[in-house]
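Structure, as structure tokens:
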Amino acid sequence: MKKSTKFMIGGGVIVVLLVLVGSFAMVNGFFSSEEDTHPPCGKLPKQSEVNDAIETHPDMVNDIEALGEDVIVNVGTPCENSEDQALIEVLYDSKADREAISNYLGRSEGFGVPVHLVKR
């Protein structure tokens, strides 16, 4: 076998192994982050809508805050250029809190406005 053929086969094997290892790492969450994103600033509701959502869903707010010792639900304004665009911000401390909040939100009907989870 020629030297160039061996080199191409060896390089191909290395590429395949790197793809497999990378895929395994992504599937198992090695490159994931607990940071959630929110809709673009131009797509967020007005702060008054978010305030209304919190006021009309006090049980949901209480349920979420009860999921962890330091879990807080409030109105967040993530857009520096527009204070009037808002979302519901849920502050949490631990991975267990985050999982409990995500599970709760997945089972609920929601607030009707975007919810953003933020780790402190």
Side-chain angles (χ1 to χ4, degrees):
M1 197 180 297
K2 291 185 177 181
K3 194 173 189 177
S4 62
T5 305
K6 289 180 183 178
F7 181 73
M8 286 179 18
I9 291 172
V13 168
I14 290 172
V15 168
V16 168
L17 286 174
L18 287 173
V19 168
L20 288 174
V21 169
S23 298
F24 177 79
M26 287 178 69
V27 166
N28 288 296
F30 293 117
F31 298 126
S32 69
S33 100
E34 289 188 357
E35 252 185 66
D36 287 306
T37 59
H38 58 77
C41 289
K43 305 267 182 182
L44 291 176
K46 293 185 181 288
Q47 190 167 356
S48 60
E49 293 176 58
V50 177
N51 285 328
D52 290 345
I54 286 180
E55 288 175 17
T56 58
H57 296 89
D59 292 340
M60 279 185 68
V61 171
N62 292 333
D63 290 347
I64 292 170
E65 289 181 340
L67 294 172
E69 190 173 312
D70 294 317
V71 174
I72 298 171
V73 177
N74 61 28
V75 176
T77 53
C79 304
E80 293 177 15
N81 298 336
S82 178
E83 290 287 321
D84 192 40
Q85 294 181 319
L87 45 67
I88 293 177
E89 190 174 70
V90 181
L91 304 172
Y92 67 95
D93 289 327
S94 70
K95 185 175 182 177
D97 289 345
R98 183 189 195 303
E99 289 173 0
I101 295 162
S102 292
N103 288 337
Y104 178 86
L105 292 172
R107 293 187 319 267
S108 73
E109 292 182 23
F111 288 96
V113 297
V115 176
H116 188 211
L117 304 183
V118 179
K119 184 171 183 173
R120 281 186 270 203

For a quick test of reading the model, state the closest non-hydrogen atom pair linking [X] to [Y] and the distance between them.
| X | Y | answer |
| --- | --- | --- |
| C79 | Q85 | SG-OE1, 3.9 Å |
| T77 | Q47 | CG2-OE1, 4.0 Å |
| H38 | L87 | CB-CD2, 3.4 Å |
| G68 | D97 | CA-OD1, 3.6 Å |

- Item | Contact check, side chains of I64 and L105, non-hydrogen atoms, under 4.5 Å | yes

- With a 4.5 Å limit on heavy-atom distance, are the side chains of I88 and V50 in contact? yes

Could you state the interatomic distance from [atom1] ([X]) to [atom2] ([Y]), rounded to the nearest 0.5 Å?
| X | Y | atom1 | atom2 | value |
| --- | --- | --- | --- | --- |
| Y104 | L67 | OH | CG | 7.5 Å |
| S82 | K46 | OG | NZ | 8.0 Å |
| E49 | D84 | CD | CG | 9.0 Å |
| I101 | L91 | CD1 | CG | 9.0 Å |

- The complete set of ring pair (Phe, Tyr, Trp, His ring centres under 6.0 Å) pairs with one or both residues in residues 46-72, sequence neighbours excluded, reads H57-F111

- Item | Residue from V113, V61, N74 passing side chain to side chain contact (heavy atoms under 4.5 Å, CB included) with I54 | V61

- Message: Can you tell me which residue among T37, L44, V118 is in a side chain to side chain contact (heavy atoms under 4.5 Å, CB included) with P78?
- Response: L44

- Is V75 reachable from I72 through a run of I, L, V, M, F, W or Y residues, each pair having side-chain heavy atoms under 4.5 Å apart? no

- Query: Would a hydrophobic clustering, with Ile, Leu, Val, Met, Phe, Trp and Tyr connected at side-chain separations under 4.5 Å, put L117 with V73?
  - Reply: yes

- Item | N81 atom CG, over 12 foreign heavy atoms within 6.0 Å | no

